Amino acid sequence: MTIRPMTPDDVPAAERLSDEGFHELDVRMRRASWPPPERRSGRHSQWWTDRTLHLLRTDPGGCWVADDGSGLVGFATSLVRDTTWCLATYVVRPGLQGQGIGKALLDAALEHGRGCLHGMLAASADPKAVRRYHAAGFEMHPQMFLTGEVDRSAIPVVDKVREGTPADIDLMNSLDRQTRGAAHGPDHEILLQSWRLIVSDSTTGSGYAYLGAGHTVVLLAASNRRTAARLLWAALADAPADRPVKVSHLTAANQWAIDVGMAARLELHQEGYLGLRGMKPPTPYIHDGALL
Ligand SMILES: CC(C)(COP(=O)(O)OP(=O)(O)OC[C@H]1O[C@@H](n2cnc3c(N)ncnc32)[C@H](O)[C@@H]1OP(=O)(O)O)[C@@H](O)C(=O)NCCC(=O)NCCS
């Protein structure tokens, strides 16, 4: 078994391994996968591939695979932005888990963030993942999610929200620094290529949200709760009617999002953890599961 840097040629096999690992976890946790298989589009796979190739360009030292000679049996991808290290994706082949491969991969990825004061990761509910992250010094903050069909009669008039453009990148980096202590920097380029961006920038506050198919909100940051709520309402208003939405990655520090969800008559549930090292849960903020 060797632990070696990931290369672009590894990406298709890594994606298959990720699908396999998370599908097995869904079955083990008796959890419905999201988006549901019938709503899974090539877009989901494209985003995964584009994002991983992007990380290989920006953070080659943060992306590692475990190879047993016959092929990939695990991998970990990570990134450093400003003073923050983030874990993007982390999987070991089902059947080979619990034997130390994950520890070797995570140690290699953590080495990339050696000089960082802060750390972020979105942990699955897999007890093995939680054990690894706790051993690496991460505190676990339970994540909630909202789901259901939006009560369209509850949607307020949403004003002061416009389409975003690449000219908003400086503003977004400032909001990232204010809310999570680190700009997304080059990640905004790939987020802009992949998702619709909405921005609110007025005298009372600023914020942005990337809107994804099915997930509704990929990433949201704002200078105050009122602006964050306005952006979340705009996202919900944009979601397809008569189809369930899901807004993931909500921490207890973001009650404003739960207030919006309750007003929209969505259901609140729990799923996994936001793992943090050297920082408090960002707010008003909805993190991306991989770029955080
Ligand atoms: C999370 C994951 C990558 C870790 O890789 P791994 O090879 O299983 O990890 P390791 O064997 O190095 O470490 C697992 C730890 O959990 C322990 N463990 C094993 N089975 C366990 C169980 N059923 N419950 C709790 N702990 C368990 C192991 O003893 C080990 O802890 P230790 O080092 O203190 O003894 C892998 O389990 C996985 O792919 N899970 C499914 C996908 C997932 O959840 N990925 C993380 C996304 S955030």
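In each ligand, atom 1 is the first atom listed, and ligand 1 is the first ligand listed. When a residue number appears, it is its place in the shown sequence, counting from 1. It should be emphasised that the depicted structure is a prediction, and the values quoted were computed from it without experimental measurement.
- A salt bridge is defined here as a Lys NZ or Arg NE, NH1 or NH2 lying under 4.0 Å from an Asp or Glu carboxylate O, and Glu163 with Arg196 meets this definition.
- By the ring-ring contact (aromatic ring centres under 6.0 Å, His included) test, His269 pairs with Phe145, sequence neighbours left out.
- The residues Asp288 and Arg51 are annotated as not salt-bridged, no charged nitrogen and carboxylate oxygen being separated by less than 4.0 angstrom.
- The immediate protein surroundings of ligand 1, defined as residues with any heavy atom under 4.0 Å of it, consist of Phe22, Leu25, Tyr90, Val91, Val92, Gln97, Gly98, Gln99, Gly100, Ile101, Gly102, Lys103, Ala122, Ala123, Ser124, Asp126, Pro127, Lys128, Ala129, Arg131, Arg132, Tyr133.
- Hydrophobic cluster membership of Leu56, counting Ile, Leu, Val, Met, Phe, Trp and Tyr whose side-chain heavy atoms lie under 4.5 Å apart directly or via other members: Met6, Val11, Leu17, Phe22, Leu25, Met29, Trp48, Leu53, Val65, Leu72, Phe75, Val91.
- Remark: of the listed residues Arg131, Arg28, Arg132, Arg28 is the sole one forming a side-chain hydrogen bond (donor to acceptor under 3.5 Å, both in side chains) with Asp126.
- Residues forming a side chain to side chain contact (heavy atoms under 4.5 Å, CB included) with Ala108 (at least two apart in sequence, or on another chain): Ile3, Trp64.
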